[in-house]
Every structure is written in C-alpha cells, then in structure tokens.
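One structure below.
All values below come from the heavy atoms of this structure, side chains included, with hydrogens, waters and symmetry mates left out. Being a predicted model, the structure only gives us computed values, none of them experimental.
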Amino acid sequence: MGERTDRLVRDLTARSLSCFVDDRPLPAGEKLRYARLLGLPYTAVLSPDRPAEEIEVISRWTGRTTTVAESSRIPPITTGG
C-alpha cells in the first residue's frame, strides 16, 4: 500500500494539488468521516480489499463514488463537484 500511496501523492502534487494521507490504523469509516470534517473536496481510497489497480474517488459535494484504474490516474478534478 505504501508504494501505491506514494505514487498517487506524487501524481497529484505534480498537478499542484494538496494531499492529506490518513494512514492511521483506524477503520475506513472513521477515516472517511474525518476527511468530511476537514472539508476535503475529494477522497481517494486505496484499499487492500479492492483490486490493486483500482482507486475509489469520492466527491464531497455529490457523494458520488467513481472507480478509476490506477494506470489511468485520477481524472481532472474541478471545484464544485
């Protein structure tokens, strides 16, 4: 997981996007609630329970979940959902 996370963070920061990595040993639901409390517009979920190539992206504005292949990178992110 660490290598995947590092790769994603490098990709996003190269696009001038700020990242917050929550690698605490807590259940995913607690981490997602914390991300909402912080007001993070998007949450990228890397999970050992999902195929290695999948990244789940959740929009804070719409609640919509999109699954993208890691090789395709995260789609362009716009403000407002």
Do [X] and [Y] have side chains that get closer than 4.5 Å, going by heavy atoms?
X	Y	answer
V68	E56	no
T43	L32	yes
V21	T5	yes

- Report yes or no: do L46 and L17 belong to one cluster of Ile/Leu/Val/Met/Phe/Trp/Tyr joined by side chain heavy-atom distances under 4.5 Å? yes
- With the 4.5 Å side-chain cut-off for hydrophobic clustering, are L12 and Y42 part of the same group? yes
- Query: For R50 and T67, what are the C-alpha separation, side-chain angles and deciding distance, and is it a side-chain contact (heavy atoms from CB on, under 4.5 Å)?
  - Reply: CA-CA 10 Å; R50 298 183 68 81; T67 301; 3.3 Å; yes
- Query: Parallel under 30°, tilted from 30 to 60°, perpendicular over 60°: which one fits the rings of Y34 and F20?
  - Reply: tilted
[atom1] of [X] to [atom2] of [Y]: how many Å apart, nearest 0.5 Å?
X	Y	atom1	atom2	result
R10	R15	CZ	CZ	15.0 Å
I58	R64	CD1	CZ	12.5 Å
L38	R33	CG	CZ	13.5 Å
L40	S59	CG	OG	12.0 Å

- Shortest non-hydrogen contact from I55 to R4? CG1-NH2, 4.3 Å
